[in-house]
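Inspection log for the structure reproduced underneath, given as structure tokens.
Just so it is clear, the structure is predicted and the values come from calculations on it, not from any experiment.
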Amino acid sequence: MSSAPESPPAKMAMSSILNADDIKKALDAFAVADSFDHKKFFEIVGLKSKPHDDVKKVFTVLDADNSGFIEEEELKFVLKGFAKDGRDLTDKETKAFLRAADKDGDGKIGVDEFAALVKE
């Protein structure tokens with residue numbers, strides 16, 4: 001018997017939760033640096049109207065290191081979580097996004113904070 005480390009559960013594809021056309025539309029809408037607006041993004045991508053379980057699934061995909069939080073480093077690559085060709089957020093966008101979501105001020109976004117942000 002080998003004692004190989006357990007691999008984390010496979011990440012589900014964002015396109016299995018959200019409509020691929022909506023994802024493309026949302027990414028195109030914020031293709032320009034410093035144009036990102038999380039409220040409009042979640043609306044265009046169709047996440048705002050999804051049930052809580054789907055919002056949690058999206059959170060899990062974006063939580064790249066499976067820590068149970070989306071940290072600032074992960075937030076920078078949030079658009080890549082929706083599609084591989086998504087751009088990186090600028091530092092300004094990343095910090096604004098974190099400020100909007102991080103209600104308890106711990107410097108990272110928990111699943112409940114993420115869900116609340118999506119539904120704003």
Intermediate values then yes/no, side-chain contact (heavy atoms from CB on, under 4.5 Å), Met14 and Val58: CA-CA 7 Å; Met14 202 61 86; Val58 167; 3.7 Å; yes
Phe59/Val118 under side-chain contact (heavy atoms from CB on, under 4.5 Å): CA gap, chis, key distance, verdict: CA-CA 10 Å; Phe59 175 87; Val118 167; over 6 Å; no
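Closest non-hydrogen pair, Phe114 versus Val55, comes out as CE2-O, 3.7 Å. Nearest approach of Glu73 to Phe77, heavy atoms of both residues: O-CD1, 3.2 Å.
Among residues two or more places apart in sequence or in another chain, the salt bridge (charged side-chain N to carboxylate O under 4.0 Å, His left out) test is passed with Lys92 by none. The side chain to side chain donor-acceptor pair (under 3.5 Å) search around Glu72 returns Lys95, not counting sequence neighbours. When the side chain to side chain donor-acceptor pair (under 3.5 Å) test is applied to Lys76, the partners found at least two apart in sequence or on another chain are Asp91. Residues satisfying the salt bridge (charged side-chain N to carboxylate O under 4.0 Å, His left out) criterion with Glu93, sequence neighbours excluded, are Arg87.
Taking CZ of Phe69 as the reference point, atom CG of Asp102 lies at 9.5 Å (rounded to 0.5 Å). Atom-to-atom distance recorded for Thr94:OG1 and Glu71:CD is 13.5 Å, nearest 0.5 angstrom. Taking CG from Asp63 and CD from Glu74, the interatomic distance works out to 5.0 Å, rounded to the nearest 0.5 Å.
A donor-acceptor pair is defined here as one N or O able to donate and one able to accept, closer than 3.5 Å; such a pair exists between the side chain of Lys103 and the backbone of Ala100.
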Which pairs of donor and acceptor atoms, one on a side chain in residues 40-53, lie under 3.5 Å apart (sequence neighbours left out)?
unit_1: Lys48; atom_1: NZ; unit_2: Glu120; atom_2: O; d: 2.2
unit_1: Ser49; atom_1: OG; unit_2: Gly46; atom_2: O; d: 3.3
unit_1: Lys50; atom_1: NZ; unit_2: Ile17; atom_2: O; d: 3.4

For residues 21-33, please give each side-chain donor-acceptor pair under 3.5 Å, one per line with the distance, not counting sequence neighbours.
unit_1: Lys24; atom_1: NZ; unit_2: Asp28; atom_2: OD2; d: 2.9

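A single hydrophobic cluster is seen to contain both Leu75 and Val61, as judged by linkage of ILVMFWY side chains at heavy-atom distances under 4.5 Å, directly or through other members.
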